[in-house]
Number of protein chains: 2
Amino acid sequence: MIALVVLEEFGGTKKHFKTGDLIFKEGNQPLYYHQIISGEVKMNNFNDEGKEFIQGIFYKDQCFGEPPLFTDQVYPANAVAVTDCEIITITKDKFLELLKNNPDISLKVIKNLSQRLYYKSVMAAEISSQDPEHRVLRLIDYSIEQFHFKKENAGFLINFTRQQIADLTGLRVETVIRAIKSLEKKGDLKIINRKVYR
Amino acid sequence: MIALVVLEEFGGTKKHFKTGDLIFKEGNQPLYYHQIISGEVKMNNFNDEGKEFIQGIFYKDQCFGEPPLFTDQVYPANAVAVTDCEIITITKDKFLELLKNNPDISLKVIKNLSQRLYYKSVMAAEISSQDPEHRVLRLIDYSIEQFHFKKENAGFLINFTRQQIADLTGLRVETVIRAIKSLEKKGDLKIINRKVYR
DNA sequence: TTTGTTTTATGATTTTAGTCATAAAACCGA
DNA sequence: TCGGTTTTATGACTAAAATCATAAAACAAA
């Protein structure tokens, strides 16, 4: 998102997180802008029964958790390191100052928020009113577009576990496994030694 | 969102829509920024079986449908006039120009997008993994916060039909009716001649 | 004020994803 | 390479919301 040199100019601080570490917690006050230097981060919620819902997965050069910086709300979800991560942060004040002085970065932020809102809109409609196979397939197609899934001979390799797909679509892992099997039978995707290709 | 005088400066055009009129259609190229002068607009999708999902409802002074202007994507949903409406539009080019020259308006757009992303995040987690009563109650609480529902003696008047609540939460109207009844019994809300108060 | 439409309401039945139990294959760390 | 954990897999059963049918109340409009 924002060039590292610029973030360093504005007092950027680098932090390391291990797999599974909590980066910030639902309900807390947001104090920093976060951007990934390396590694993978997910944002999630848990419902009353402890079932996880993944809001999104973020990769190198992406930022996350900035909307509540602008609305003075608390974090609506947790951020968790999916792999070992290096994250650069700048304070809220510095971030707002940075935006004020850089209209081109403001526009980048607007584009990024718009993209994420677009994803949420599409998935909201899917989750609320489509059958499991439809939901899984749309998530896969969206993710190919959005994230940089590798194109191989068999097609795009969907780099998610069945459990992750379940947590992103609000389904159960058994339901996802069955949906993927059924989609394979219909020829909508391929399963090659347990990995999903589209 | 944006002052009318400013929009007029940038070539704003006023248009009238009757209840039920389609303002723009899912899948079409976005060409304009839209802002409501008067009336009420919903954005919606229909799934394969024709079931409606309401993405959001928008009121006076609010804008809608701008994310795809920034990402060069097509509209992810329809916009429909819920009541007779007056809408002011400016072209995409003029809108981008306006933002470039007005950092304060850029910030307003960022805040607005952030707020909507926040709503989507909260509702996504709700819809995907909570029981119907929880979903209905959260939608009601969020809507009180977000829209200007009137506070009366009995509490906030929830100015939605059961069907609208169903379409916003991805439930069926019968399920919503039963959930609301049950929530009333538990004392979480009041029903006074069919109207819901919280 | 009659008529047609929308909204709220309720009971019976069906469908479908969730739940539970179990297990094999793959992966990972010591 | 051994043992524990994670991931994928499958069958049987259950629970919960959707569906279907029906109707009364409220509202709108002619």
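Residues that satisfy the side chain to side chain contact (heavy atoms under 4.5 Å, CB included) test with B/E184, not counting sequence neighbours, are B/L189, B/I191. Residues satisfying the ring pair (Phe, Tyr, Trp, His ring centres under 6.0 Å) criterion with B/Y197, sequence neighbours excluded, are absent altogether. Under the rule for a salt bridge (Lys or Arg N to Asp or Glu O under 4.0 Å), the partners of A/D141 that lie at least two apart in sequence or sit in another chain are A/R198. In this view, A/F17 satisfies the ring pair (Phe, Tyr, Trp, His ring centres under 6.0 Å) rule with no residue, not counting sequence neighbours. Under the ring pair (Phe, Tyr, Trp, His ring centres under 6.0 Å) criterion, B/F95 pairs with B/Y33, B/F70, sequence neighbours left out. A search for side chain to side chain contact (heavy atoms under 4.5 Å, CB included) contacts involving B/E97 returns B/F10, B/K94, B/N101, not counting sequence neighbours. Listed by chain and number, the residues in a side chain to side chain contact (heavy atoms under 4.5 Å, CB included) with A/T83 are A/E40, A/C85 (sequence neighbours excluded).
The CG atom of A/D167 sits 14 Å away from the C1' atom of D/dT6 (whole-angstrom rounding). If you measure from atom CG of B/L189 to atom P of C/dT8, you get 14 Å, rounded to the nearest angstrom. Atoms CD1 (B/I177) and P (C/dG11) sit 13 Å apart, rounded to a whole Å. Regarding A/I192, its CD1 atom lies at a distance of 18 Å from the C1' atom of D/dT7, rounded to whole Å. If you take NZ of B/K181 and P of D/dA17, they are 18 Å apart, rounded to a whole angstrom. The interatomic distance linking B/I165 (CD1) with D/dA17 (C1') rounds to 17 Å, in whole Å.
Direction change of the helix axis from one end of the helix from C/dT1-D/dA30 to C/dA30-D/dT1 to the other is 60°, with five pairs defining each end axis (rounded to 10°).
Applying the salt bridge (Lys or Arg N to Asp or Glu O under 4.0 Å) test to residues at least two apart or on different chains, the pairs with a partner in residues 102-123 of chain B are B/E66-B/R116. For residues 19-28 of chain A, the side chain to side chain donor-acceptor pair (under 3.5 Å) pairs, not counting sequence neighbours, are A/T19-A/D84, A/E26-A/N45.
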Under a 4.0 Å heavy-atom criterion, the protein footprint on nucleotides 13-30 of chain C, written with B, S and -, is ----SSBB----BS----
Salt bridge (Lys or Arg N to Asp or Glu O under 4.0 Å) between B/E152 and B/K195: does it pass, once the steps are laid out?
CA-CA 12 Å; B/E152 304 190 2; B/K195 291 198 182 83; over 6 Å; no
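Listed in residue order, the members of residues 154-163 of chain B having a heavy atom less than 4.0 Å from DNA chain C are B/T161, B/R162.
Results of the side-chain hydrogen bond (donor to acceptor under 3.5 Å, both in side chains) test with A/E133 over A/R138, A/R178, A/K186 single out A/K186 as the only residue that passes.
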